[in-house]
There are 2 protein chains.
Amino acid sequence: MSSQVQENLVSSNEKYASDFKHGALPLPPAKKYLVVTCMDARIDPAAAFGISLGDAHVIRNAGASASDALRSIIISQQLLGTTSVLLIKHTGCGMLTFENRDIYQVINRNLGQGATGELEAQSFDFQPFPDLEDAVKEDVEFLRKSQLVAKGVEVSGWVYEVESGRVRKVI
Amino acid sequence: MSSQVQENLVSSNEKYASDFKHGALPLPPAKKYLVVTCMDARIDPAAAFGISLGDAHVIRNAGASASDALRSIIISQQLLGTTSVLLIKHTGCGMLTFENRDIYQVINRNLGQGATGELEAQSFDFQPFPDLEDAVKEDVEFLRKSQLVAKGVEVSGWVYEVESGRVRKVI
């Protein structure tokens with residue numbers, strides 16, 4: 001059975017594919033950079049950050065976490081030749097609104113003790129943060145200092161304002 | 001000093017923000033779903049999958065890995081109310097082209113023994129896969145069976161063809 005969400009995917013994609021002209025793009029990003037940003041529904045990276053199809057890797061997770069993105073960043077740099085990272089967190093991020101103990105409580109209520117126990121056994125960190133600009137700086141420093149990121153790689157940190165559509169540089 | 005990549009971000013974003021009309025969108029995704037797809041430069045999820053601004057969380061990592069996305073998926077479902085997951089891997093994926101030992105060798109050559117040692121100490125898995133459709137099915141099963149995903153959540157698996165722009169359902 002196909003839900004409305006699946007039907008929207010199929011019908012929207014039919015329109016997109018009917019006019020598709022980019023089938024010969026190569027695998028490595030043409031402009032050799034990658035963007036790490038949040039999964040937030042209010043961000044359209046291609047439009048807001050000027051990424052044309054084929055130009056850049058785009059990694060997205062809750063809060064634009066650099067450590068969460070590390071596996072993807074290493075692959076992007078070591079196998080596909082990217083040499084620049086734009087790390088872009090945003091105003092109004094959900095990660096500013098809770099602490100680990102809050103989500104553990106929600107999970108315990110919704111999914112039961114077994115789920116919470118699995119997370120506790122792993123000391124699972126959902127990576128919320130209390131201050132947006134500090135979080136940007138910390139993630140940029142994490143990547144700049146990591147021995148898993150080549151010294152020549154340029155790493156910069158930004159904030160996207162969901163209220164205005166504007167980006168501003170933090171570091 | 002600002003690189004060409006940073007200059008492109010700033011100048012493209014100025015144009016985007018000058019005409020921005022979506023500053024009042026709420027934090028939770030309006031259509032209550034999330035998409036997990038690859039970081040690949042040839043994928044524009046908003047355009048190819050019909051995601052309007054504000055509608056859905058979009059999680060992207062190397063290979064559209066469900067386990068890598070788990071932290072983000074739990075936050076999306078438990079704190080922001082999403083109830084449907086579209087997991088979309090793609091043809092021509094870089095993850096089909098290597099094995100862990102290959103990337104370990106590359107890292108050893110490019111970043112030195114210290115970097116490789118850090119990865120080995122963690123048994124770091126880059127999560128390459130040898131078969132595309134099997135990988136989609138395995139990731140969907142992983143989410144369907146996980147006690148960290150609520151039973152009512154709909155999880156489906158798809159392949160996006162970078163050659164044609166088309167999606168097709170796998171599971």
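Please read all numbers here as calculations on a predicted model, not as lab measurements. Throughout, a chain's letter reflects where its sequence line sits, starting with A, and its residues are numbered from 1.
Taking chain B as the reference chain and counting heavy-atom pairs below 4.5 Å, the highest number among Pro29(A), Ser164(A), Ser84(A) is found for Ser164(A). The greatest number of non-hydrogen atom pairs below 4.5 Å with chain A, out of Asp44(B), Asn61(B), Leu25(B), Leu27(B), is found for Leu27(B). The choice from Asn8(B), Leu53(B), Ile51(B) that makes the most heavy-atom pairs within less than 4.5 Å of chain A is Leu53(B). By number of non-hydrogen pairs under 4.5 angstrom with chain A, the leading residue of Tyr33(B), Phe49(B), Phe126(B), Phe98(B) is Phe126(B). Highest contact tally toward chain B, considering only Cys38(A), Gly23(A), Ala48(A), Pro28(A), is held by Ala48(A) [criterion: heavy-atom pairs under 4.5 Å].
Of the two parts of Leu119(B), only the side chain, counted from C-beta on, holds a non-hydrogen atom closer than 4.5 Å to a non-hydrogen atom of chain A. Looking at Val106(B), the atoms closer than 4.5 Å to chain A (heavy atoms on both sides) sit in the backbone and in the side chain alike. Residue Asp125(B) touches chain A through its backbone alone, counting heavy-atom pairs closer than 4.5 Å. Contacts between His22(A) and chain B at a heavy-atom distance below 4.5 Å involve the backbone alone (N, CA, C, O). With a 4.5 Å cut-off on non-hydrogen atoms, Ile59(B) touches chain A through its backbone and its side chain both. Proximity to chain A (any heavy atom under 4.5 Å) is restricted, for Ala56(B), to the backbone atoms N, CA, C and O.
The 12-atom threshold is exceeded at CD of Gln122(A), counting heavy atoms of other residues, nucleotides or ligands nearer than 6.0 Å.
Annotation for Arg71(A) and Ser65(B): closest pair NH2-CB, 3.6 Å, computed over non-hydrogen atoms.
Annotation: residues 129-149 of chain A contacts chain B through Gln147(A), Leu148(A), Val149(A) [non-hydrogen atoms, separation under 4.5 Å].
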Q: Test side-chain hydrogen bond (donor to acceptor under 3.5 Å, both in side chains) on Gln4(B) and Lys31(A) and set out the steps.
A: CA-CA 9 Å; Gln4(B) 213 169 350; Lys31(A) 292 194 177 163; over 6 Å; no
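Using a distance-only test at 3.5 Å, with no hydrogens or angles considered, a donor-acceptor pair links the side chain of Asn13(A) to the main chain of Gly165(B). Side chain of Arg166(B) to backbone of Ala17(A): no donor-acceptor contact under 3.5 angstrom is found. Side-chain N or O atoms of Asn110(B) include none that pairs as donor or acceptor with a backbone N or O of Ala150(A) at under 3.5 Å. A donor-acceptor pair under 3.5 Å is absent between the side-chain atoms of Arg42(A) and the main chain of Gly54(B), judged by distance alone.
When the options Leu34(B), Ile75(B), Val58(B), Val36(B) are evaluated for a side-chain contact (heavy atoms from CB on, under 4.5 Å) with Met39(A), the one that passes is Ile75(B).
With sequence neighbours excluded, no residue forms a side-chain hydrogen bond (donor to acceptor under 3.5 Å, both in side chains) with Thr83(B).
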